Colleague: 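The structure's right below; bear with me while I get my questions together.
One is the number of the first residue; the rest follow in order along the sequence. Indexing begins at 1, ligand by ligand and atom by atom, following the structure's order. Source: prediction; values computed, not measured.
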Amino acid sequence: MDIEQFRANAHQLVEWMASYLGEVRKYPVKPKVTPGKVKSQLEASAPELSQAFSQIMSDFEDIVMPNIVHWQHPGFMAYFPANSSPPSVLAEMLTATLANQCMMWETSPAAAELEEVMMEWLKDFLSLPQHWEGVIQDTASTATLCAIISARELVSNWQINSSGFSKQKLRVYASAETHSSIEKAVKIAGIGAENLVKISTDETFSMDMEQLFSAIKSDLVAGYLPTCVVATMGTTGVGACDPVQEIGELCRKYNIWLHVDAAFAGTALALSEYHWMSEGLELADSFVFNPHKWMFTNFDCTAYFVRDRQILLDTFSILPEYLKTDLEAEVNNYRDWGIPLGRRFRALKLWFVLRMMGKSGVREKLRNHISWAGQFAQFIQQHPDLEIMAPRLFNLVCFRAKPKTSDIDLNDFNKQLLAKINDSGMFYLTHTKIKNQFIIRAVFGQTYLEQKDVSRLCHLIREILQK
Ligand code: PLP
């Protein structure tokens with residue numbers, strides 16, 4: 001493809017993209033596709049000769065489009081969203097075109113400095129502690145791994161980095177509601193899944209402080225090294241928050257690293273009515289939130305903040321001759337702030353989103369989402385056969401049906417209700433289980449969500465239950 005062909009194809013593609021986003025509602029959110037269907041339509045090996053863009057686009061329409069989940073559909077209420085926005089898409093087009101590899105200042109000066117400033121903008125927007133410094137990571141899972149490895153190195157005085165594990169018995173603590181990425185990080189960091197202590201939660205699904213305190217005390221007696229506590233702001237299952245202030249005080253007392261996982265709900269810190277969440281945040285050693293979940297920035301874009309950047313650098317920095325420059329002391333070389341050497345130019349999309357939406361535009365969307373979640377929760381509360389299953393702090397509503405008929409299995413009934421909602425093609429919701437009870441989760445966080453979608457969801461559920 002020469003540059004003139006590229007220009008023509010790119011124009012065509014932009015038309016396609018704008019039409020898609022304008023008409024995304026016409027697609028079923030979740031395709032009815034069985035495993036292997038897509039594979040069976042693809043060639044077994046790459047073509048020997050060049051194929052035309054039009055032919056590839058035609059296959060894209062026929063093979064990909066009918067078999068893909070439409071994450072940008074307003075009816076996408078599953079998991080947590082990976083929401084995008086037009087400014088973010090525009091920036092991603094530039095990122096792909098420049099195709100920079102932003103491992104250090106020297107390889108992309110503008111990218112490095114834009115990243116530094118974007119982290120300052122986010123710190124200001126979310127009212128995070130002023131002394132923190134931030135870096136963009138690919139995912140919250142990676143950021144949490146960085147936090148746990150940093151904590152491991154601090155507690156072992158960098159012995160594990162240099163000589164590997166000897167006799168250290170490290171412990172990490174998190175609530176029973178914590179995200180699976182914490183266990184994964186504990187495994188990868190060599191600490192061992194058995195040394196992740198899951199602390200039970202109270203009736204609001206928030207970490208039980210007495211349990212945490214007694215786990216730390218008994219571990220100390222047994223010769224373990226309490227290394228890190230992970231507090232969650234907005235758990236994946238039900239959106240609960242752990243008591244950061246109390247956990248932070250305990251961590252300070254026992255010299256334990258505090259990592260705050262605010263992957264989804266962290267964006268709410270941009271709203272004055274959620275400033276209660278920041279109580280005690282200054283006690284944290286690290287904090288992660290995902291603009292790629294609820295801040296309208298294409299996946300992947302994770303903001304990772306640390307109290308002491310030197311610990312991060314001492315943990316991850318390795319400087320071979322071929323990467324040395326004369327500017328080491330003057331600039332941020334983000335290759336040392338995380339795991340991969342190579343890094344995408346992710347700051348650009350944050351710059352576009354924050355400038356084109358403005359802080360007020362982002363806040364307005366967040367407030368709409370939270371308010372519509374409230375309206376949906378009210379519908380659940382008022383319906384005689386539905387009940388709320390967890391307190392609602394943000395835009396996630398956890399509910400289930402509880403019909404008056406006594407001879408039904410409620411878990412089966414709710415599983416079927418969820419399948420019927422999703423089979424409508426209008427919405428995609430997912431579930432979790434609490435105390436072995438099947439619970440339906442509805443997340444109101446999609447960029448293109450409108451109030452009418454919430455009314456449609458209420459209407460659909462009412463109709464299904466009437467049948
Ligand atoms: N932490 C929480 C609370 C989450 O809900 C999630 C994902 O939903 C993650 C971490 C992992 O996020 P990522 O996909 O960016 O690794």
Colleague: Heavy atom under 4.0 Å from ligand 1: found in Ser181's side chain, backbone, both, or neither?
Modeller: side chain

Colleague: Using a strict 4.0 Å cut-off to heavy atoms of Thr236, name the atoms of ligand 1 that fall inside it.
Modeller: 2 (C), 3 (C), 4 (C), 5 (O)

Colleague: Using a strict 4.0 Å threshold on nitrogen-to-oxygen distance, state whether Glu364 and Arg367 make a salt bridge.
Modeller: no

Colleague: May I ask you to establish whether Arg335 and Trp337 are in a cation-pi arrangement, using a distance under 6.0 Å from NZ or CZ to the six-membered ring centre and at most 45° from the ring axis?
Modeller: no

Colleague: Checking a contact table here: which protein heavy atom is nearest atom 1 (N) of ligand 1, and how many Å away?
Modeller: Asp261 OD2, 2.7 Å

Colleague: For His292, take its heavy atoms, then give the atoms of ligand 1 lying under 4.0 Å from any of them.
Modeller: 15 (O)

Colleague: Measuring centre to centre across the rings, with the benzene-like ring taken for any Trp, is Phe80 within less than 6.0 Å of Trp294?
Modeller: no

Colleague: Counting both backbone and side chain atoms, is some N or O of Ser141 under 3.5 Å from an N or O of ligand 1?
Modeller: yes

Colleague: Using a 4.0 Å heavy-atom cut-off, which part of Thr139 comes near ligand 1: side chain, backbone, both, or neither?
Modeller: both

Colleague: Could you tell me whether Lys30 and Asp423 make a salt bridge, using a distance below 4.0 angstrom between a side-chain N and a carboxylate O?
Modeller: no

Colleague: Under 4.0 angstrom from ligand 1, any heavy atom of Thr235?
Modeller: no

Colleague: Taking the six-membered ring of Tyr224, is the NZ or CZ of Lys169 close enough (under 6.0 Å from the centre) and on axis enough (within 45°)?
Modeller: yes

Colleague: Could you see which bit of Asn290 sits under 4.0 Å from ligand 1, with heavy atoms only: side chain, backbone, both or neither?
Modeller: side chain

Colleague: Tell me, please: is Phe80 in heavy-atom contact with ligand 1, that is, under 4.0 Å?
Modeller: yes

Colleague: Closer than 4.0 Å to some heavy atom of Lys293 - which atoms of ligand 1 meet that?
Modeller: 6 (C), 7 (C), 8 (O), 12 (O), 13 (P), 14 (O), 15 (O)

Colleague: Counting C-beta onward and ignoring hydrogens, is there a side-chain heavy-atom pair between Met209 and Asp202 closer than 4.5 Å?
Modeller: no

Colleague: Starting from atom 11 (C) of ligand 1, locate the nearest protein heavy atom and write down its residue, its atom name and how far away it is, to 0.1 Å.
Modeller: His179 CE1, 3.4 Å

Colleague: Return yes or no for this condition: an N or O of Ala140 is under 3.5 Å from an N or O of ligand 1.
Modeller: yes

Colleague: Determine whether a donor-acceptor pair (N or O, by modelled atom type, separation under 3.5 Å) exists between the side chain of Asn422 and the backbone of Leu429.
Modeller: yes

Colleague: Is a salt bridge present between Lys359 and Asp124, judged by a nitrogen-to-oxygen distance below 4.0 Å?
Modeller: yes

